[in-house]
A.B. asks: 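Questions regarding the structure given below will be posed in turn.
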Amino acid sequence: MANVYPLLETIDSPEDLRRLPEPRLAALAGELRAFLLDTVSRNGGHLGAGLGTVELTIALHYVFQTPQDRLVWDVGHQTYPHKILTGRRDRLASIRKTGGLAPFPKRDESPFDTFGTGHSSTSISAALGMALAARRQDSSRKCVAVIGDGAMTAGMAFEALDQAGDVGADLLIILNDNEMSISPNVGALSGYLTRLLSGRLYSGLREGGKRVLRQLPPAHELARRVEGHVKGMTAPGTLFEELNIDYYGPVDGHDLDALVPVLRNLRTAGGPRLLHVVTRKGKGYEPAESDPVGYHGVSPFDPSQGLSAGKGPSKVTYSKIFGDWLCDMAKAEPRLMAITPAMREGSGMVRYSEEFPERYFDVGIAEQHAVTLAAGMACEGLRPVVAIYSTFLQRAYDQLIHDVALQNLPVLFAIDRAGLVGPDGPTHAGAFDLSFLRCIPNMVIMAPADEAECRRMLSTGLGLEGPSAVRYPRGGGPGTAVPDDLEPLPLGEAELRRSGGGGIALLAFGSMLTPALEAAEDLDATVANMRFVKPLDGNMLQRLASGHRLLVTIEENAVAGGVGSAVAEWLAARDLNVPVRHIGLEDRYLPHGSREDLLAAAGLTGSGIVKAVEGWVREARSERREARGEG
């Protein structure tokens, strides 16, 4: 049988790539794109972004001496081709699976992954730090940051750009513009001008002229302005030039004949410089080009049929519960406004954005701004709802404390992807929100055990006169029927779901109610659905403490500082000496894998709870025997 990928299978490292004759690179790109589509369609993963960076990845590794030269990717969805070319081709089918390749660049996975990424807009800061380290160490290595146009909406990216221009770092920034279609100016003339502007002749003339004209300040200023106006007529780089960053482009990111010579020129140039590269998400696979959002992350599918083939009814997710509630509540409450930091689809807000466009605000990848924007709205009597993933709320912690909670403003945070997210790994796990939220004064924090509770908790939060949060996991719940009404829950009130006779009470928070009920059957335990993390239901805690010899808190959150700690603090403050044990996420980062595998590894299943509780019971019996001298 003929080798399907004759060129690609000879590439086990960028060293192999750099030995290829330049005219063979286009054929390699075709094989790489076909291999990526075949592998991801069979195994699932991120697809569209990687299809769009095939030629760019080849050109970067071809021109730069990686890993000696540092290549920093932003976010990481676009790095599947990078992983394939850096010795991980045969393992790509394992990506995002338990024990397989990480979904994003990871430093301990490969020396070519120079910086771990997962959250957006970090690449320029990290690469700048590396460039300054190279300067300090008198090293000739080059540093490159590859950042998407979406990631450039974050303030952090502009903070790094400002610093890079200020310190004059030897840094190349690749702006991968994959939202813009290839416009007429990305053609022969623009490509020629970019090669000219990035070449040694132009750079030499420019720098030589600057040295002469510096002796004549008025003439130097005139030359600087003329240069800026001339470049402004050929390229949209005025902003970057004002930051003292030389701008080049735009250049077609799928044209290796254009990319390679420009990158060669820019590799030998000095100072901070930015190359604007235009690519297309999903390039080479028409369905992904037409629907880049749908093909961003995919489950296994038949490429000949596309994603729509064979899809059955999907499970109702918490994101959909939130989206439906948002639309229903917006009809009843004209003050409701909804804000998201670039997560419209993931947070279930598509329908709302279409039905209430004047009350919908997508601020881009700008979590800090999203939270303070909501605070400003709340100051003027509106009722803002911020839909945000747990892991992204971490990026706006100061605004949450200083701008919302300190002023006791009625902002509702709908926190998606709380707890373990599975394939996306530790960068996206919402493992800490209960810990970092519960210490903030004025906050009300709720965790639904099922779909019906989620809807009622959202109504509860919107009706409060201060800040509140409803945190729910990725995917769906146990399948509870969702009411049509908008009735809230009684504030701070838990519910008893099972009365047991074994002297053990399980205090379940949020998603942990289902496994707690499973465990209770074996343990003959009492189960309380606590529902509110803050305020805790004191009456329920008093009742459980007085009637049981062991309390066990169960949360899908870090044990350190989590809701179990809150329960222990409440009991200690009242001198209630009943033993308390905590089940949750240990003080370590769990790897990527299926959500089910990770929950099992953390002991957050019915059998895991039984095992932990029986171990504590045996330990207590042993201690009592020793105390009685029974050895």
A.B. asks: In plain terms, say whether Arg280 and Glu289 are close enough for a salt bridge, that is, a side-chain N and a carboxylate O under 4.0 Å apart.
C.D. replies: yes
A.B. asks: Check Arg141 against Met130 and note the closest heavy-atom contact, atom names and distance.
C.D. replies: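 Closest pair (atom of Arg141, atom of Met130, distance): NH2-O, 4.2 Å.
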A.B. asks: Do the ring centers of His276 and Tyr248 come within less than 6.0 Å of each other?
C.D. replies: no
A.B. asks: Say whether, by atom type as modelled, one donor and one acceptor occur between the side chain of Arg88 and the main chain of Leu101 under 3.5 angstrom.
C.D. replies: no
A.B. asks: Should the pair Glu9-Arg89 be classified as a salt bridge under the 4.0 Å nitrogen-to-oxygen rule?
C.D. replies: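 No, Glu9 and Arg89 are not salt-bridged.
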A.B. asks: Could you tell me whether the side chains of Gln368 and Thr372 share a donor-acceptor contact shorter than 3.5 Å?
C.D. replies: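 Side chains of Gln368 and Thr372: no pair found under 3.5 Å.
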A.B. asks: So does Glu109 pair up with Arg91, basic N to acidic O under 4.0 Å?
C.D. replies: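 No.
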A.B. asks: What I'd like to find out is whether the side chain of Met156 reaches to under 4.5 Å of the side chain of Ile365, using heavy atoms alone.
C.D. replies: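 Heavy-atom side-chain distance check fails, nothing below 4.5 Å.
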A.B. asks: Using a 3.5 Å distance criterion without hydrogens, assess whether the side chain of Thr39 forms a donor-acceptor pair with backbone atoms of Leu36.
C.D. replies: no
A.B. asks: Return yes if a side-chain donor-acceptor contact under 3.5 Å exists between Asn176 and Thr279, otherwise no.
C.D. replies: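 A donor-acceptor contact under 3.5 Å links the two side chains.
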A.B. asks: Looking at Asp424 and Arg96, is any side-chain nitrogen of the basic one under 4.0 Å from a carboxylate oxygen of the acidic one?
C.D. replies: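 Result for this pair is yes, salt bridge flagged.
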A.B. asks: Side chains of Arg417 and Ser319: do they bring a donor and an acceptor to under 3.5 Å?
C.D. replies: yes
A.B. asks: Can you label the angle between the His82 ring and the Phe112 ring as parallel, tilted or perpendicular, going by 30° and 60°?
C.D. replies: perpendicular
A.B. asks: I'd like to know if the side chain of Arg18 reaches the main chain of Phe64, judged simply by a donor and an acceptor atom lying under 3.5 Å from each other, with no hydrogens or angles considered.
C.D. replies: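 Flag set: sc Arg18 to bb Phe64 pair under 3.5 Å.
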A.B. asks: Whether the Asn178 and Lys283 side chains hold a donor-acceptor pair (N or O, under 3.5 Å, no angle test) is what I'd like checked.
C.D. replies: no
A.B. asks: Tell me the closest heavy-atom pair linking Ala387 and Thr340, and the distance in Å.
C.D. replies: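 Here Ala387 and Thr340 meet closest at O-OG1, 3.5 Å.
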A.B. asks: Under a 3.5 Å threshold, yes or no: a donor from one side chain and an acceptor from the other, between His61 and Thr66?
C.D. replies: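 Their side chains do contain a donor-acceptor pair, which is all the 3.5 Å distance test asks for.
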A.B. asks: Regarding Asp170 and Lys142, does a basic nitrogen lie under 4.0 Å from an acidic carboxylate oxygen?
C.D. replies: yes
A.B. asks: Are Asp433 and Arg471 within salt-bridge range, i.e. N to O under 4.0 Å?
C.D. replies: yes
A.B. asks: Using 0.5 Å steps for rounding, measure from the CG atom of Asp291 to the CD atom of Glu286.
C.D. replies: 10.0 Å
A.B. asks: Provide the closest heavy-atom pair for Tyr389 versus Gly346 in the form atom of the first, atom of the second, distance.
C.D. replies: OH-CA, 3.2 Å
A.B. asks: Do His119 and Thr391 have a side chain donor and acceptor closer than 3.5 Å?
C.D. replies: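 Yes - a donor-acceptor pair under 3.5 Å links their side chains.
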A.B. asks: So that I can tick it off, tell me whether Arg595 and Glu556 are bridged by a salt bridge, with the cut-off set at under 4.0 angstrom between side-chain N and carboxylate O.
C.D. replies: yes
A.B. asks: Provide the closest heavy-atom pair for Leu400 versus Val371 in the form atom of the first, atom of the second, distance.
C.D. replies: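 Leu400 and Val371 have their closest heavy atoms at N-CG1, 3.8 Å.
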A.B. asks: Given side chains that start at C-beta, do those of Glu367 and Gln394 come closer than 4.5 Å, heavy atoms only?
C.D. replies: no
A.B. asks: Of all heavy-atom pairs between Leu92 and Tyr80, which one has the smallest distance, and what is that distance?
C.D. replies: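 So the minimum-distance heavy-atom pair works out to CD1-CD2, 4.3 Å.
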A.B. asks: How about CG on Asp108, more than 12 heavy atoms from neighbouring residues, nucleotides or ligands closer than 6.0 Å, or not?
C.D. replies: yes
A.B. asks: How about His77 and Phe104: are their ring centroids closer than 6.0 Å?
C.D. replies: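 Judged by ring-centre distance (under 6.0 Å), His77 and Phe104 do meet the cut-off.
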A.B. asks: Looking at Asn557 and Leu434, would you say the former's side chain and the latter's main chain have a donor-acceptor pair under 3.5 Å?
C.D. replies: yes
A.B. asks: Fit a plane to each ring of His46 and His296, take the angle between them on a 0 to 90° scale, and name the class: parallel (under 30°), tilted (30 to 60°) or perpendicular (over 60°).
C.D. replies: tilted
A.B. asks: In this structure, which one of Val54, Ile11, Thr57 forms a side-chain contact (heavy atoms from CB on, under 4.5 Å) with Leu32?
C.D. replies: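 Of all the options given, the one that passes is Val54.
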A.B. asks: Which pair of heavy atoms, one from Ser123 and one from Val146, lies closest together, and at what distance?
C.D. replies: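 For Ser123 versus Val146, the nearest heavy atoms are OG-O, 3.8 Å.
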A.B. asks: More than 12 non-hydrogen atoms from neighbouring residues, nucleotides or ligands closer than 6.0 Å to CZ on Arg107, yes or no?
C.D. replies: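 No, not enclosed.
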A.B. asks: In terms of heavy-atom contacts, does CD of Glu586 have more than 12 from other residues, nucleotides or ligands at under 6.0 Å?
C.D. replies: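 Count not over threshold, so no.
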A.B. asks: Could you tell me whether the side chain of Ser435 and the main chain of Ala560 form a donor-acceptor pair under 3.5 Å?
C.D. replies: yes
